[in-house]
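What follows is one structure encoded as structure tokens, with my remarks underneath.
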Amino acid sequence: MEKASAQVIVVGAGPVGLWLAAELALAGVSTLVLEREEQRSPHSKALGLHPRTIEMLAMRGLAKQFVAEGAPVPSWHFGMLESRLDFTGLDTPYPFMLAYPQVRTEELLERRARDLGVPIVRGHSVTGLTQDDSSVTVEVTGADGTSTLSARFVVGCDGAGSTVRKAAGIDFPGTDITAYGFIGEVVLDDPPGTVISMHNAAGAVIALPIGGGRYRVTGFDPENQNAGDELTLEALRAITSRVTGTDYGMRDPSWLTRFGNATRHAATYRKNRVLLAGDAAHMHWPAGGVGLNVGVQDAMNLGWKLAAEVQGRATAGLLDSYHDERHPVGEALAEHTLAQGALITAITPDGQALRSLLRNLIASHPGLERTLAEKLAALDITYPPSGPAAHPLVGTRAPAAEPDSIIFSALHDGRPVLLDLSGGDRLGRAAEAASAMGIETHAGPLAETGGPDWSGVGAAIIRPDGYVWRAVDAASPSLESAVIHSLDSLEATSF
């Protein structure tokens, strides 16, 4: 391949790599995406976008098309428990799981990356890398032979078997496969009136429409747990009939596959000039449909920080904060998907008793239901501030009540914003100082959407990924001076 000049090479053109590349390009970083596959897979491993991911799309002005094309699902499952988690009461403009195929997600994210000038080179595999104090060199193999490319940084978004992670020598500890699930995409001649979700001593089955008269049937079959087993149409019919009492006239499979519950988590998300995001950093049982979402959220956290590092705007520690903030999220992901997998495979009498207990607890304790819903929705994530003197809101998600909220519209260009919540012209020189740093000031109240925690806030600086970077109470002796001090303390000097 021809040598391309890029400050960052992103390996992998799935949703995570495409979103990261677009974020870097939005900030003015030259970025190249390398993808080993010649064509995008026709199969959608993921079928849903959760609330926080849709919020992040809204921050870049992209959510409307996704929501218009997708199907909102107001409740979702945790470990296939019969007590569903109600998303409709969550504090978000998008209180639902959006049924949306990964293939279409990739199409739209690739369009965005290309519109921002990102070259995406398919059919080229990264087979190795070396790095020094100033650059990373990758070995690339394609139809035209083998070549090398260098960049300031390389990010592995190349899946659970990540070549980048292995070549960088990053450990990937965790647990091996102890159970297998299945996925079949078929026509159902006698489809159910609603989404199927059944679990009993015979196994577990979920079936949902995916368009074009086809259904995805997925779940757990205790009778087919040998490593070498393949999923056949006959086996899919058999498990569906055992669990539900019918095969719904199943025929014409377009995709039959199995997956294991191996769960692994990268020891570090950064090793010098090599970083990881998405499945390259964390692999898990696909319970709750959260994998794609967590990966895109990784990319959203990393993009603006890596751009600041490449462009010399970041002080020491900003890029390292990517690992510090997202590694705990990956740990929580591993924990709750393992727990969900245990519930899905719990077909013994004691397992059924555990499921019954948890189902009843969720049904009778709204607080527990909300906690689990927020976990799947990724609305529970906060990033602890670096110092004890920080305002309590630092690291929390900036609130938004409507799809056209100021939090979303002000972040379209991927820069931080200064929110003037004082209700008057009290920022003065602070707004001028922010403007000199490339940070726009927007006025508007957040007390109604943010609740009591925001009622006394006079100003807040919001990070490009929608989390609070700094906050100042309106009761400060000099709001103007306090905001200027907050601007001076930011980890990046100019945007």
Side-chain angles (χ1 to χ4, degrees), residues 43-48 76-83 85 159-161 172-186 195-208 216-244 247 253 255-266 279 281-295 330-359 362 372 375-376:
H43 305 303
S44 292
K45 293 182 179 180
L47 288 179
W76 197 231
H77 73 91
F78 186 88
M80 287 189 67
L81 292 173
E82 291 80 355
S83 295
L85 305 179
F172 201 42
T175 59
D176 294 328
I177 295 174
T178 60
Y180 289 91
F182 63 83
I183 292 175
E185 293 190 351
V186 293
V195 172
I196 308 165
S197 180
M198 296 187 66
H199 188 289
N200 51 46
V205 169
I206 293 179
L208 63 159
R216 171 170 291 187
V217 182
T218 184
F220 171 67
D221 180 2
E223 294 190 9
N224 289 275
Q225 289 297 305
N226 294 320
D229 289 347
E230 293 185 2
L231 181 64
T232 64
L233 179 60
E234 291 70 26
L236 186 62
R237 282 176 173 152
I239 179 58
T240 304
S241 296
R242 288 199 307 272
V243 173
T244 71
D247 69 2
W255 189 31
L256 297 170
T257 190
R258 300 167 80 230
F259 55 86
N261 68 338
T263 301
R264 297 189 175 278
H265 191 205
D279 290 349
H282 36 72
M283 67 178 293
H284 55 90
W285 181 277
V290 295
L292 180 153
N293 294 270
V294 175
E331 291 285 0
L333 171 69
E335 180 183 59
H336 80 73
T337 52
L338 277 171
Q340 289 191 71
L343 290 169
I344 291 170
T345 59
I347 63 170
T348 60
D350 51 345
Q352 292 287 298
L354 174 62
R355 288 178 55 86
S356 177
L357 175 66
L358 290 176
R359 178 184 69 240
I362 291 172
L372 292 175
K375 183 176 291 295
L376 293 187

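The chain is numbered in sequence order, starting from 1.
- In terms of modelled atom types and a separation under 3.5 Å, the side chain of D176 and the main chain of A262 share no donor-acceptor contact.
- With hydrogens and angles ignored, the 3.5 Å screen pairs a side-chain donor or acceptor of N261 with a backbone N or O of T178.
- A cation-pi arrangement is present between R258 and Y180 under the rule of less than 6.0 angstrom and at most 45 degrees off the ring axis.
- Counting heavy atoms from C-beta outward, I344 and W285 have side chains that approach closer than 4.5 Å.
- No donor-acceptor pair closer than 3.5 Å links the side chain of S44 to the backbone N or O of L47.
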Test side-chain hydrogen bond (donor to acceptor under 3.5 Å, both in side chains) applied to R264 and H282, step by step: CA-CA 6 Å; R264 297 189 175 278; H282 36 72; over 6 Å; no

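- Looking only at distances, no side-chain donor or acceptor of S83 sits under 3.5 Å from a matching main-chain atom of I362.
- Taking both residues in full, the closest heavy atoms of V195 and A207 are given as CG1-O, 3.3 Å, listed atom of the first, atom of the second, then distance.
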Steps toward side chain to side chain contact (heavy atoms under 4.5 Å, CB included) verdict (M80, L343): CA-CA 7 Å; M80 287 189 67; L343 290 169; over 6 Å; no

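- For the pair D229 (side chain) and N226 (backbone), a donor-acceptor distance under 3.5 Å is present.
- Using bins of under 30°, 30° to 60° and over 60° for the plane-to-plane angle, the ring pair H43/W255 lands in the parallel bin.
- Side-chain contact between V205 and F182 is present, with at least one heavy-atom pair separated by less than 4.5 Å.
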Derivation and outcome, side chain to side chain contact (heavy atoms under 4.5 Å, CB included), residues F220 and Q225: CA-CA 9 Å; F220 171 67; Q225 289 297 305; 3.3 Å; yes

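- Crowding of Q352 atom CD: a count of heavy atoms from other residues, nucleotides or ligands under 6.0 Å exceeding 12.
- Closest approach of N293 and G48 over heavy atoms only: ND2-O, 3.2 Å.
- A distance of 9.0 Å separates CG of D221 from CD1 of I347, quoted to the nearest 0.5 Å.
- Side chains of T240 and R237: a donor-acceptor N/O pair is absent below 3.5 angstrom, by distance only.
- Remark: H199 NE2 to T244 OG1 distance equals 14.0 Å, nearest 0.5 Å.
- Residues A281 and F172 share a closest heavy-atom pair of O-CE1, 3.6 Å.
- V186 places a side-chain heavy atom less than 4.5 Å from the side chain of L236.
- In terms of heavy atoms, A334 sits closest to T263 at CB-CG2, 3.7 Å.
- Summarising the geometry of P222 relative to G203, their closest heavy-atom pair is CD-CA, 3.8 Å, with the distance given to 0.1 Å.
- With a 4.5 Å cut-off on side-chain heavy atoms, M283 and H265 do not count as touching.
- V290 is not listed as a side-chain neighbour of W76, based on a closest heavy-atom distance of 4.5 Å or more.
- Taking every heavy atom of both residues into account, P253 and L233 meet most closely at CD-CD2, 3.9 Å.
- One N or O on the side chain of R355 and one on the backbone of G79 form a donor-acceptor pair closer than 3.5 Å.
- Using a 4.5 Å cut-off on side-chain heavy atoms (C-beta onward), H284 and L338 make no contact.
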L376/Q340 under side chain to side chain contact (heavy atoms under 4.5 Å, CB included): CA gap, chis, key distance, verdict: CA-CA 11 Å; L376 293 187; Q340 289 191 71; 3.8 Å; yes

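- Here the side chains of L372 and H336 are not in contact, with every heavy-atom distance at 4.5 Å or above.
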Stepwise side chain to side chain contact (heavy atoms under 4.5 Å, CB included) check, I206 with V217: CA-CA 6 Å; I206 293 179; V217 182; over 6 Å; no

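- In this structure, the side chains of R216 and I183 come closer than 4.5 Å at one or more pairs of heavy atoms.
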